[in-house]
Every structure is written in C-alpha cells, then in structure tokens.
Novice: 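Just passing along the structure, written as structure tokens.
The sequence lines fix the lettering, A, B, ..., with proteins before strands; numbering per chain opens at 1. In this text the structure is predicted, and so the values were computed from the model without any measurement. These values consider heavy atoms only, across backbone and side chains, with no hydrogens, waters or symmetry-generated copies.
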2 protein chains.
Amino acid sequence: MTAKKVLVVDDELSIREMLRLALEISDFECVEAADIHEAYRRVTDDQPDIVLLDWMLPGGSGIELLRRLKKEEATKTLPVIMLTAKTHEDNVIQGLEVGADDYITKPFAPKELIARMKALLRRTAGEKSGSELKVGDLVLEIDSRRVVLEDKRLEMGPTEFNLLHFFMSHPERAYSRAQLLDQVWGTNVYVEERTVDVHIRRLRKALQARNAAYAELIQTVRGTGYRFSPRDLVVL
Amino acid sequence: MTAKKVLVVDDELSIREMLRLALEISDFECVEAADIHEAYRRVTDDQPDIVLLDWMLPGGSGIELLRRLKKEEATKTLPVIMLTAKTHEDNVIQGLEVGADDYITKPFAPKELIARMKALLRRTAGEKSGSELKVGDLVLEIDSRRVVLEDKRLEMGPTEFNLLHFFMSHPERAYSRAQLLDQVWGTNVYVEERTVDVHIRRLRKALQARNAAYAELIQTVRGTGYRFSPRDLVVL
DNA sequence: TCGGCTTGTCACAGAATTGTCATCGAACTG
DNA sequence: CAGTTCGATGACAATTCTGTGACAAGCCGA
C-alpha cells in the first residue's frame, strides 16, 4: 500500500513538528497548514487521505473548516480527527456531531494518535470514489456530475444525483428513509422522512426517460424503505 | 428507523445501569452482559449494532473478546467501542490495533460516549457485510430484505420477514407466543398472542410457494408455541 | 431584482399490511 | 367416547404505508 497522506492543520509550529516527526516515523506523508484558508486549499490541492484538525485556529475555528468539508460532496467522506487542548466535553460532542470521525485532546501520546489514525483509515478503506460508476447502461460520471443512460444524458436535480450516487455505491441493499437522509442529505439536518419519497419519485421519473422499465431500478421495500437493484433489471 | 441495539459488556452493575439510562434516553435499545461468555452469546443471539466493551472482565480480558469478534467473518465489521479505567495509552493502542473502532477512558461523560457512538454508527452505516442466513435452499438476504427459496424469490410482508429472520437465527428451539412477540414485535407493544398464530400461518403459506413440504419448517409445539426446524425437513 | 430551478411539505387516493374474530377440526384428558 | 383445550384458517375492517400532484419558499445566476 502506498503511504497515506496526512494533512496537519495547527497553528503551533512545535506541535506540527512533533506530529511531522511522529507521522514520518510511522510512514505517513505529511502536509501542513497553519490556518483555515491554507488548510482548505491543501485539501483540494493535495488531496490528503486524512486530516488532523486543531480546534483553535487563526482566521476561524477549526470546526468551521470541518463543517465546510462535511458539506461539500467531494470532501464529505474525508476522515477528520479533531485535536484540541480544550477538555470540556461539549467541544468533543459538537465536533463529533458536525462530523469529525475522531477526537483527541492535547496533550496526547503520539502513539495513540497514530493508532487512532490507523483504525480510522482501516474503517474507511476502500471507499474512495472512482470517477465513474457503471451499472449496465447506466453511467454516473462523478466528477462532472452527469448521468448517462444508454448514451443519452439524463436530467435530474443535485439531490437526485446524490441519491443515485449513494444507491449505485450500495446496490442490492435496503435502506430506511432515515438512513438515506443521513447518507445523502447529511447528518444533523432536519428534514421530514417523507421527503425521501418525493425525491425517489423524482429519481424514478428521471430514470424513465429512455424506458419505463428503468424506474424499477429503485424498488420499494415496504415497511423499510428503498433499494437499488440492478440485479432485477431486464433490459431489452 | 428502528432503534439501534447496543450491547454493553461490563462487570460493574453501577456502570451498566448508568449506561442503560443514558442509552435509553438517546433512543438506543440496550442489551447487557457481565462477562465474556455471556457477551459472546449475546452477540450471536441478539445481533447488536454496536458493542461497548469494558477492558477488565471476569473470565478473561475484554480484548480477548474483541480479538475473537474481529476474527470471525460474521462479526468482523461489528463496531466496538472499548471502555477502560486504565489510562495508560498502551492499552488504547493495543485495543485500536486489535480492531476496536474507538476507545474511551473512564470516567467519561455519557454525552461524549453517545456522540462517539453516533459518529461511529454514521461511519459504518450501510457497510456491514452482506450477511445472509442459509438453511438448505432457503436463503434470507438480510441486507436487501429478500427471501430466496430454491433460487426463487418469496413474497412476504415485513412482519413475516422479521419472524423468519428470528427463526432462522434461532433454529431448533421452541418459543412461546409471548417470546415471539417480544423478539419480533418488540417489547412494550400490546398485541394479542393469537396474532402470532396468524402470522405463522402467513409465513407458512409464503414458504409453500415452491413446495408444500416447506411449510413444515415451522413446527407447532402444542402447549408451548412454535419452532423452526430445518433438521426435520426432507426435501426431495 | 427578476425569472427559472430545486426543495421540502402537504393532502389525498390507492394499496398493502395488520390485528382480531368466529368457526372448524385436531389433539388431549379422563 | 364425550368433553375440553388448543391450533388452523378464512374473512374483514382498521390501520399504516406509498405514490403522486400541487405549491410555496429558497437559491442562484443573469
């Protein structure tokens, strides 16, 4: 496996140096940023595999960056470990609710940090998105956010795209409306569960553009939710 | 969405009670075990969604259980949070390396624990292994909530599915109607016991789709209740 | 600021599921 | 064998769940 790239976001030079040392010993590649804006740029430029994010940063709290990362589609799944000197657990909770994947309070043992990073990377292994998802004649172009069915482009809203994206990454599996809201809309947004139904309908409608049979890709699992099932599709 | 089931493994009664309270407030269903063996049994019987595992346990260290869980295919992806009074970080590291998904040291704030649990469940949502239960030609696809018998899909309602799910996880054992109501319908719902009969009938009917003999998978235990007994099935 | 697109919610109609009953037959008791 | 108890079954009405069209509010680029 190639070395994982770590983005360290902290304004204290001494901490960054300590981390760099620890990370390099453990075979991680290390990229650093001292403030929010630099951090954001590095995320897009360097495409790290994991982010270590300090709570206190010049130019805005680290949690703002976290919120931003978790909001955008491209960075939503990027693992983030928050670092902080504050021990008040409300911070921890807030961080975790916004979407931090782990939380460590300073001072911490470098070995523990490394262990947590490895645990986190192990969990998220094998998830990164290729640039295209294909199921039969249905192609999801992730980067350009386009959907092509039988060589013809399908029109659909952003939410429908995200929904289809999620479904195509997890086929043949039933999801509850709550799970879909979590996965597609993101956590801590309050939306009615029935809203999912409506978007399912919109997605089905979009899929029907070529052939009504394609609507059956999205199946209703009564009492549970919905399922994307290419297996059942009999295309002509 | 149905409540997530949490298995709490700790030998201290006071801790278990504290956790039970905290968990139920946060809408988790709570199952408890005081030692390794009970814990292991509960993992297979109750199929929790997440495990809170104390480090120190009678009958063997919690890490043994962790190792065992992470070794077996069926439980490999079950999220585990280790709890411990020991602060020595080597424990943390050892725990994380064996495969714990998170680690919290006592004393901890219940809110933080809950937040970590939610973060963990969010990460692992929709990823647990494509588990299925097989009994001869009868396959229960748990993730997709489908039932396949002799390669043909069976149609049945949600309750029948849950019932069959429970039966297939606990074969060759007789359950009273009250027990079935508890396990399948969930506690604190008041339903007539006779209702179970009706659903048993519906399930049998569904199983007959291919061959009448399959109805005998569900046996009546007069005076007691019902039993799922693949052992007695003579398929042609 | 003005349209066009998206979104989240509702209300209503149509389906599917569920819990109960009444009845019938089988099994058990003595 | 008659009397009881217990389970199977079909029917049914209430309840729950989904599909769908409509709509107002929000967002964004022009």
Novice: Separation of A:E192 atom CD from C:dT9 atom P, in whole Å?
Specialist: 5 Å

Novice: Has B:R194 got a side-chain N or O lying under 4.0 Å from the OP1 or OP2 atom of D:dG7?
Specialist: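 Looking at the OP1 and OP2 atoms of D:dG7, one of them is under 4.0 Å from a side-chain N or O of B:R194.
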
Novice: Quick one: is D:dG7 close enough that its OP1 or OP2 comes under 4.0 Å of any side-chain N or O from B:T220?
Specialist: no

Novice: So B:E160, base contact, sugar-phosphate only, or nothing? Heavy-atom distance under 4.0 Å.
Specialist: sugar-phosphate

Novice: With sequence neighbours left out, what residues match B:R194 under side chain to side chain contact (heavy atoms under 4.5 Å, CB included)?
Specialist: B:R177, B:D197

Novice: Whole Å only: how far is the NZ atom of A:K205 from the P atom of D:dG19?
Specialist: 14 Å

Novice: Within the 4.0 Å heavy-atom criterion, would you say A:Y226 contacts the bases, only the backbone, or no part of the nucleic acid?
Specialist: sugar-phosphate

Novice: Who pairs with A:E141 by salt bridge (Lys or Arg N to Asp or Glu O under 4.0 Å), at least two apart in sequence or on another chain?
Specialist: A:R146

Novice: So what is the end-to-end bend of the helix from C:dT1-D:dA30 to C:dG30-D:dC1, with 5 pairs used at each end and the value given to 10 degrees?
Specialist: 40°

Novice: Just N and O in the side chain of B:R177: are any of them under 4.0 Å from OP1 or OP2 of D:dG7?
Specialist: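 Checking B:R177 against D:dG7: at least one side-chain N or O falls below 4.0 Å of OP1 or OP2.
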
Novice: Please indicate whether B:R153 has more than 12 foreign heavy atoms, meaning atoms of other residues, nucleotides or ligands, lying under 6.0 Å from its CZ.
Specialist: yes

Novice: For the side chain of B:R204 and the backbone of B:I218, is there at least one donor-acceptor N/O pair under 3.5 Å apart?
Specialist: yes

Novice: Measure from CZ on B:R201 to C1' on C:dT23 and round the result to the nearest Å.
Specialist: 13 Å

Novice: Is there a side-chain contact between B:V31 and B:P48 in this structure, where contact means two heavy atoms from C-beta onward sitting under 4.5 Å apart?
Specialist: no

Novice: Rounding to a whole Å, what distance do you find between B:M156:CE and C:dT18:C1'?
Specialist: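 The distance from CE of B:M156 to C1' of C:dT18 comes to 16 Å, rounded to the nearest Å.
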
Novice: First locate atom CD of A:E160, then atom CZ of A:R201, and finally report the distance between them rounded to the nearest 0.5 Å.
Specialist: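 Here the interatomic distance stands at 10.0 Å.
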
Novice: Should A:W185 be listed as having a side-chain N or O under 4.0 Å from OP1 or OP2 of C:dG8?
Specialist: yes

Novice: Less than 3.5 Å between a donor and an acceptor, one on the side chain of B:R222 and one on the base of D:dT5, is that the case here?
Specialist: yes

Novice: Do the side-chain N or O atoms of B:T195 get closer than 4.0 angstrom to the phosphate oxygens (OP1, OP2) of C:dT20?
Specialist: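 Checking B:T195 against C:dT20: at least one side-chain N or O falls below 4.0 Å of OP1 or OP2.
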
Novice: Please report, rounded to the nearest Å, how far the C1' atom of D:dC23 is from the CZ atom of A:R202.
Specialist: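 In whole Å, D:dC23 C1' and A:R202 CZ are 11 Å from each other.
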
Novice: If you define the side chain from C-beta out and look only at heavy atoms, does anything of B:V9 sit under 4.5 Å from B:V51?
Specialist: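 Of all side-chain heavy-atom pairs linking B:V51 with B:V9, at least one is under 4.5 Å.
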
Novice: Is there a side-chain contact between A:R204 and the phosphate of D:dG19, meaning an N or O under 4.0 Å from OP1 or OP2?
Specialist: yes

Novice: For the atom pair CE (B:M117) and CD1 (B:I104), what is the distance rounded to the nearest 0.5 Å?
Specialist: 10.0 Å

Novice: Return the value, rounded to whole Å, for the distance between atom CD of A:E216 and atom P of D:dG19.
Specialist: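 Atom CD in A:E216 sits about 13 Å away from atom P in D:dG19.
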
Novice: Look at the side chain of B:T159 and decide which nucleotide, out of C:dC10, C:dT20, C:dT18, has an atom nearest to it.
Specialist: C:dT18

Novice: Specify the separation, in whole Å, of atom CZ of A:F161 and atom C1' of C:dT6.
Specialist: 16 Å

Novice: Output the rounded distance in Å from CD (A:E193) to P (C:dC10).
Specialist: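 It is 13 Å, rounded to the nearest whole Å.
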
